[in-house]
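Small disclaimer: the values here were computed from a predicted structure and weren't measured. Start at 1 with the first residue, then count along the sequence. Whatever order the structure lists them in is the order used to number ligands and atoms, beginning at 1.
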Amino acid sequence: MRRKLAAGNWKMHGLAADLAEATALARAHPAPTVDVLLCPPATLICRMVGALARTPVAVGAQDCHASVSGAHTGDISAAMLADAGACHVILGHSERRADHGETSAQVAAKATAAHAAGLVAIVCLGETEAQRDAGQTLAVVSEQLRQSLPESADAENTVIAYEPVWAIGTGRTPTLEQIAEVHDHLRGLLPDPAIRLLYGGSVKPANAADIFAIANVDGALVGGAALKAADFGAIVAALEAAEGGAG
Ligand code: 13P
């Protein structure tokens, strides 16, 4: 059975004072029955790892470079993230694909580097609204999956996050049927059927239970609602309830 995962992506949010939200989350969920992960900006990784020591909440990063080291001003390697205490890294988020022109081939190279450093790669994919309107959703995510996953991907070192671009930060989500359709489709394409599939895009306490009841949804990658311990904690609780129901 695939262990469920609630992952929070803080994006470019968070100063030292916000570590209190992470510690409040850990206090409220001292023994979660699902995996819980927070991915703060790189500047907070070390301090969050310290603040969450001896708690079950893991810490991840939001991107890495494909090389181990080198003349790449401003970039951070997977080995450096692991050295800082991160255990996961989000790769190929649509904001990086859009803002930095990241291609799926580059995402695969980064995932290879993440695996070599011992990090779990959370590989993101998802269609734009225009692609969905044109009926291209399954073709787009299939191609992104095929090109973004490296040879080394297995259920231990890789998680996939389906995040429709138009649902990110908008408060809009696909219908439950649409989420199920994409997740069922992706499950059939995975090189290892035990790889976990997260849904991301406007997951909130109010819609989490419905989304987590979908068979091939193994958790969520949460943006805005992961910034507050109360909201993310409610999503963790909904995922625990879904796991209880399934198990
Ligand atoms: P929101 O939950 O804010 O829509 O963001 C989703 C996301 O991009 C997580 O990576």
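The shell of residues lying under 4.0 angstrom from ligand 1, judged by heavy atoms, excludes K204. In this structure, G200 does not count as a contact residue of ligand 1, since none of its heavy atoms falls inside 4.0 Å of the ligand. Using a 4.0 Å heavy-atom cutoff, A225 is absent from the residues neighbouring ligand 1.
Shown here are the side-chain contact (heavy atoms from CB on, under 4.5 Å) partners of H93, two or more places apart in sequence or in another chain: N9, K11, I90, E95, C124, E163, I168.
Residues E129 and R132 are not paired through a salt bridge, judged by the lack of any N-O separation under 4.0 Å between the basic side chain and the carboxylate.
In this structure, atom 7 (C) of ligand 1 lies nearest to the protein heavy atom E163 OE2, 3.1 Å. Of all protein heavy atoms, the one closest to atom 2 (O) of ligand 1 is G223 N, 2.9 Å. Distance from atom 3 (O) of ligand 1 to its nearest protein heavy atom, with residue and atom name: G224 N, 2.8 Å.
In the vicinity of L221, heavy-atom distances shorter than 4.0 Å reach the ligand 1 atoms 9 (C), 10 (O). Taking every heavy atom of G169 and a limit of under 4.0 angstrom, the matching atoms of ligand 1 come to 1 (P), 3 (O), 4 (O). Of all atoms in ligand 1, listed by their number and element, those nearer than 4.0 Å to a heavy atom of K11 are 5 (O), 6 (C), 7 (C), 8 (O). Less than 4.0 angstrom separates some heavy atom of G201 from each of these atoms of ligand 1: 4 (O), 6 (C). Contact atoms of ligand 1 toward H93: 7 (C), 8 (O), 9 (C), 10 (O) (distance under 4.0 Å to a heavy atom of the residue). Residue-ligand proximity, I168 to ligand 1, at heavy-atom distances under 4.0 Å covers atoms 4 (O), 5 (O), 8 (O).
The only member of R2, K4, R196 that meets salt bridge (Lys or Arg N to Asp or Glu O under 4.0 Å) when paired with D35 is R196. Results of the side chain to side chain donor-acceptor pair (under 3.5 Å) test with S148 over E102, Q106, R97 single out R97 as the only residue that passes.
In this structure, I214 CD1 and E181 CD are separated by 11.5 Å, a value rounded to the nearest 0.5 Å. With rounding to the nearest 0.5 angstrom, the CG atom of L15 is 7.0 Å from the CG atom of L44. Here NZ of K110 is found 5.0 Å from CZ of R96. Values are rounded to the nearest 0.5 Å.
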Q) Between L197 and R187, does a side chain to side chain contact (heavy atoms under 4.5 Å, CB included) hold up when you go through it step by step? A) CA-CA 8 Å; L197 283 176; R187 176 77 60 207; 3.8 Å; yes
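At a heavy-atom distance under 4.0 Å, only backbone atoms of A167 (N, CA, C or O) approach ligand 1. Contact annotation: for N9 versus ligand 1, heavy atoms closer than 4.0 Å belong to the side chain alone.
Residue pairs satisfying the ring pair (Phe, Tyr, Trp, His ring centres under 6.0 Å) criterion with at least one member in residues 181-229, sequence neighbours excluded, are listed as follows: Y162-H183.
Hydrophobic clustering (side-chain heavy atoms under 4.5 Å, transitive across Ile, Leu, Val, Met, Phe, Trp, Tyr) groups V89 together with L149.
Polar contact with ligand 1: present for S202 (N/O pair, distance under 3.5 Å).
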